[in-house]
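Since the structure comes first, as structure tokens, the remarks are kept for the end.
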Amino acid sequence: MKRVLLIVAYDGTEYCGWQIQPNAITIEEVLNRELSSLLKEEITVIGASRTDSGVHAMGNVAVFDTESRIPAEKISYALNQRLPQDIVVQESREVPLEFHPRYTDTRKTYEYRIYNATHPMPLNRRYSHFVYYDLDVDLMQAAANYLIGEHDFASFCSANSQVKTTVRTIYSLDVIRDGHEVIIRINGNGFLYNMVRIIAGTLIQVGNHLYEPERVGWMLEQKDRSASGPTAPAKGLTLVKIDYLS
């Protein structure tokens, strides 16, 4: 028996998120099916991040156990021959049997992309949220600074989330303009349900001069979802990478 780690990239447009759901196709379902077919045994992957419907990834992580004699580093090549074009395993390697992708200290990096122009760009429609009014990136960064550090992010978590604690740490949160694109890049030790999309929606409101930057500090203090801004659409969000600290 060996445990194999996969680094998985995918376009989430056609999928109802990572986690298996009844009557809907998901990334996890496709990986389980194709791995089971390839290795001729029942395979169930364990994912590090259960991305939502329509969210993309460049570096999500999953593991599975197998009796196969195929070298772990070769599995990615064989698996990619079976996967649809919108799911690609970037790397496969053996890890210790006790390694668990969700119960190990990590830093996750997400990016939220906004196409900020007078008219939408068809080539960007799957991977960015279109905003036609001019966003003030300096104000957005000033607001973002209030969120850096360890805080109770209850105001930035969907109300139906069930977690033991809403305290998380954000190590960096940068708002960058690159031509017509505004990129919100966030790195933290973990994220609550819809947390990044709520932060993005809130910062967009600041960039549109609907909120003062200081209001974001007030939002944190309220510990109430109704205090913060809207949830930005899923298609603008990409899980860039997961760094394991041990």
Side-chain angles (χ1 to χ4, degrees), residues 3-66 68 72 75-93 95 99-104 106 108-113 124-129 157-163 186 188 190-201 231-244:
R3 178 157 290 191
V4 179
L5 178 145
L6 306 177
I7 297 178
V8 189
Y10 48 87
D11 177 341
T13 305
E14 305 298 332
Y15 298 93
C16 291
W18 173 274
Q19 191 171 11
I20 287 178
Q21 298 183 31
N23 305 316
I25 189 167
T26 66
I27 305 295
E28 185 178 32
E29 175 189 346
V30 173
L31 288 173
N32 287 347
R33 183 185 69 219
E34 299 305 333
L35 279 166
S36 297
S37 175
L38 171 66
L39 301 175
K40 304 295 189 290
E41 58 183 313
E42 191 68 27
I43 298 294
T44 302
V45 300
I46 303 170
S49 185
R50 298 170 178 173
T51 52
D52 294 334
S53 178
V55 174
H56 317 292
M58 297 171 64
N60 204 347
V61 172
V63 300
F64 65 92
D65 295 332
T66 179
S68 173
I75 289 176
S76 60
Y77 297 98
L79 183 57
N80 284 335
Q81 299 299 312
R82 296 167 173 266
L83 290 171
Q85 291 184 339
D86 51 7
I87 305 175
V88 178
V89 175
Q90 302 294 303
E91 181 186 349
S92 58
R93 66 176 186 269
V95 293
F99 175 83
H100 195 290
R102 290 202 299 273
Y103 304 138
T104 305
T106 63
K108 296 181 181 180
T109 301
Y110 282 89
E111 286 185 354
Y112 195 90
R113 291 182 175 265
N124 291 30
R125 74 189 189 281
R126 284 175 171 253
Y127 313 112
S128 61
H129 171 43
C157 174
S158 287
N160 60 347
S161 178
Q162 295 180 345
V163 290
I186 184 168
F191 296 94
L192 303 164
Y193 184 49
N194 282 340
M195 178 174 162
V196 179
R197 290 168 58 194
I198 295 168
I199 289 173
T231 304
K235 65 180 181 177
L237 184 60
T238 298
L239 171 58
V240 176
K241 64 177 180 175
I242 301 175
D243 294 312
Y244 285 90

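Remember, predicted model here, so these are calculated numbers, not experimental data. Because only heavy atoms are used, hydrogens play no part in the values below, and waters and symmetry mates are left out as well, while side chains stay in. Just so you know, residue 1 is the first one in the sequence shown, and it goes up from there.
The two atoms that bring Ala200 and Ala232 nearest to each other are CB-CB, 4.1 Å, heavy atoms only. Nearest heavy-atom pair across Lys235 and His56 is O-NE2, 3.1 Å.
Ring geometry for Trp18 versus Tyr10: interplanar angle of 30 to 60°, hence tilted.
Within the structure, the ring-ring contact (aromatic ring centres under 6.0 Å, His included) test picks out no pair touching residues 26-50 (sequence neighbours left out). Screening residues 21-52 for ring-ring contact (aromatic ring centres under 6.0 Å, His included), with sequence neighbours left out, gives no hits. Counting only residues at least two apart or in different chains, salt bridge (Lys or Arg N to Asp or Glu O under 4.0 Å) contacts with residues 16-29 are absent.
Atom-to-atom distance recorded for Leu6:CG and Arg93:CZ is 10.0 Å, nearest 0.5 angstrom. In this structure, CG in Asp52 is found 11.5 Å from CG in Leu239, a value given to the nearest 0.5 Å.
Summarising the local packing, OH of Tyr77 is surrounded by 12 or fewer heavy atoms from other residues, nucleotides or ligands at distances under 6.0 Å.
Formation of a donor-acceptor pair under 3.5 Å by the Ser92 side chain with backbone atoms of Ala72 is found in this model.
Partner Phe64 forms a side-chain contact (heavy atoms from CB on, under 4.5 Å) with one of Asn32, Ile43, Leu31 and no other, that one being Ile43. Considering Val89, Val4, Leu79 as possible partners of Leu35, the one that fulfils the side-chain contact (heavy atoms from CB on, under 4.5 Å) test is Leu79.
For the 3.5 Å distance criterion, the side chains of Glu41 and Thr66 qualify, holding a donor opposite an acceptor.
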Output, in order, the C-alpha distance, side-chain angles, deciding distance and verdict of side chain to side chain contact (heavy atoms under 4.5 Å, CB included) for Thr238 and Tyr127.
-> CA-CA 8 Å; Thr238 298; Tyr127 313 112; 5.8 Å; no
Val88 vs Leu83, side chain to side chain contact (heavy atoms under 4.5 Å, CB included): CA-CA, chis, key distance, verdict = CA-CA 7 Å; Val88 178; Leu83 290 171; over 6 Å; no
Full working for side chain to side chain contact (heavy atoms under 4.5 Å, CB included) between Ile46 and Arg102 | CA-CA 8 Å; Ile46 303 170; Arg102 290 202 299 273; 3.6 Å; yes
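With sequence neighbours excluded, the residues satisfying ring-ring contact (aromatic ring centres under 6.0 Å, His included) with Phe191 are Tyr110. With sequence neighbours excluded, no residue satisfies ring-ring contact (aromatic ring centres under 6.0 Å, His included) with His129. Partners of Arg50 under the salt bridge (Lys or Arg N to Asp or Glu O under 4.0 Å) rule, at least two apart in sequence or in another chain, do not exist in this structure.
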